[in-house]
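Structure first, then comments.
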Amino acid sequence: MTDDEGGADGLANAALVLIDLQQGFDDAVWGERNNPDAETNAARLLEHWRETDRPIVHVRHDSTEPDSPLRGDRPGFAFKPETAPIEGEPTMAKSVNSAFIGTTLEDWLRERALETVVIVGLTTDHCVSTSTRMAENLGFDPVVVRDATATFERSLDGETFDAETVHRTALAQLAGEFAEIATTATLLES
């Protein structure tokens, strides 16, 4: 990927934003999921960002729903081990879909003059999508990593949509209008 692809300013100073990579998403309550390699790919990017000393921020969901596996007082609030923060990496908690509401993410990015955000995590059609849309609306250049994100099946009016269809549809809605869509391999090569 080059600096002129997708309108992004390049990745040399891009922030890696890891969204909701939490153990609570392993709960069966969510249903069938796509992309079982999402965490592995996110971990590969995280390792690369650490090795190249680029900015990293971890955001996780602190649900206010009484039965949610993502509540701050539940084991599922914990980060997944393969993408857990290490000492010195900032963490933020949110209670809504957007990583920008109720957190200091926007200020953190602006204080460091970071314009490009590389977004990975869960779920593609909820918190990843909402955070990506807000990032673009706030003037940032989002890059969503298609194989480092995942989601679950969804239902409407008695019809169930498989997780891969939901995932691809969410990415299609973001592509071009709100974000550049990339792959782990492409980012690691750039």
Side-chain angles (χ1 to χ4, degrees), residues 1-22 35 37-61 79-94 97-124 127-151 167-168 170-190:
M1 184 163 70
T2 62
D3 289 358
D4 58 347
E5 282 184 306
D9 291 333
L11 296 175
N13 199 32
L16 180 63
V17 181
L18 300 101
I19 297 177
D20 298 351
L21 289 165
Q22 295 169 254
N35 193 11
D37 295 326
E39 290 87 349
T40 299
N41 288 324
R44 290 174 58 209
L45 290 168
L46 179 58
E47 179 181 354
H48 182 70
W49 250 253
R50 286 172 176 160
E51 288 173 354
T52 56
D53 198 30
R54 296 184 202 179
I56 298 164
V57 62
H58 302 261
V59 181
R60 63 180 160 177
H61 197 78
F79 289 105
K80 291 188 173 227
E82 62 269 39
T83 53
I86 59 173
E87 186 176 341
E89 292 176 353
T91 63
M92 300 178 190
K94 61 182 182 57
N97 297 106
S98 175
F100 290 93
I101 294 179
T103 71
T104 58
L105 180 58
E106 181 181 2
D107 292 338
W108 186 86
L109 292 166
R110 295 206 191 282
E111 287 167 4
R112 290 157 181 77
L114 300 169
E115 296 178 7
T116 303
V117 290
V118 174
I119 298 174
V120 302
L122 305 170
T123 61
T124 317
C127 297
V128 168
S129 178
T130 304
S131 299
T132 299
R133 289 167 187 261
M134 277 203 76
E136 193 279 334
N137 287 174
L138 291 167
F140 297 102
D141 297 316
V143 177
V144 176
V145 188
R146 67 189 307 153
D147 58 353
T149 56
T151 195
H167 175 74
R168 292 180 56 77
L171 291 171
Q173 292 168 351
L174 295 173
E177 181 72 20
F178 295 101
E180 176 181 342
I181 309 300
T183 64
T184 299
T186 302
L187 294 180
L188 291 176
E189 290 167 6
S190 63

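Note that the numbering runs from 1 along the sequence shown for the chain. Note that the coordinates shown come from a computational prediction; the quantities given were computed from them, not determined experimentally.
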Determine whether T124 and R168 satisfy the following criterion, side-chain contact (heavy atoms from CB on, under 4.5 Å), listing intermediate values before the conclusion. CA-CA 9 Å; T124 317; R168 292 180 56 77; over 6 Å; no
Shortest non-hydrogen separation from [X] to [Y] and the atoms involved:
X	Y	answer
A38	A150	CB-CB, 3.9 Å
E177	Q173	CB-O, 4.5 Å
A14	W49	O-NE1, 2.9 Å
F79	P85	CD1-CD, 3.4 Å
S190	L11	OG-CD1, 3.2 Å

Roughly how far, to the nearest 0.5 Å, is [atom2] of [Y] from [atom1] of [X]?
X	Y	atom1	atom2	answer
E82	L21	CD	CG	8.0 Å
L46	I86	CG	CD1	7.5 Å
F178	T130	CZ	OG1	10.5 Å
D141	E115	CG	CD	6.5 Å
C127	I119	SG	CD1	11.5 Å
E106	L109	CD	CG	8.0 Å

Counting distance only, does the side-chain N/O of [X] pair as donor-acceptor with the main-chain N or O of [Y] below 3.5 Å?
X	Y	answer
R44	T40	no
T104	D107	no
N35	T149	yes

Counting C-beta onward and ignoring hydrogens, is there a side-chain heavy-atom pair between [X] and [Y] closer than 4.5 Å?
X	Y	answer
V145	V118	yes
H167	L171	yes
D147	D37	no

Check each of T184, L188, T83 against N41 using the side-chain contact (heavy atoms from CB on, under 4.5 Å) test, and report the only one that passes.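 Single pass found, and it is T184.
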Checking side-chain contact (heavy atoms from CB on, under 4.5 Å) between E89 and each of L16, I56, L18, which is the one that passes?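 Among L16, I56, L18, the one that satisfies the side-chain contact (heavy atoms from CB on, under 4.5 Å) with E89 is I56.
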side-chain contact (heavy atoms from CB on, under 4.5 Å) between H48 and L187, intermediate numbers included: CA-CA 10 Å; H48 182 70; L187 294 180; over 6 Å; no
Within the supplied structure, the quantity of interest is the number of heavy atoms (other residues, nucleotides, ligands) at a distance under 6.0 Å from R54 CZ; does it exceed 12?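 For R54, atom CZ is crowded (more than 12 foreign heavy atoms under 6.0 Å).
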Take a 6.0 Å sphere around CZ of R146 and say whether it holds more than 12 heavy atoms from other residues, nucleotides or ligands.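 Counting other residues, nucleotides and ligands, CZ of R146 stays at 12 neighbours or fewer.
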Going through the checks in order, is the side-chain contact (heavy atoms from CB on, under 4.5 Å) test met by L174 and R133? CA-CA 8 Å; L174 295 173; R133 289 167 187 261; 3.8 Å; yes
Would you please classify the geometry between the F100 ring and the F140 ring as parallel, tilted or perpendicular, with 30° and 60° separating the classes?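 The arrangement is parallel - the two ring planes meet at less than 30°.
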Tell me, with the steps shown, if H61 and K94 meet side-chain contact (heavy atoms from CB on, under 4.5 Å). CA-CA 5 Å; H61 197 78; K94 61 182 182 57; 2.9 Å; yes
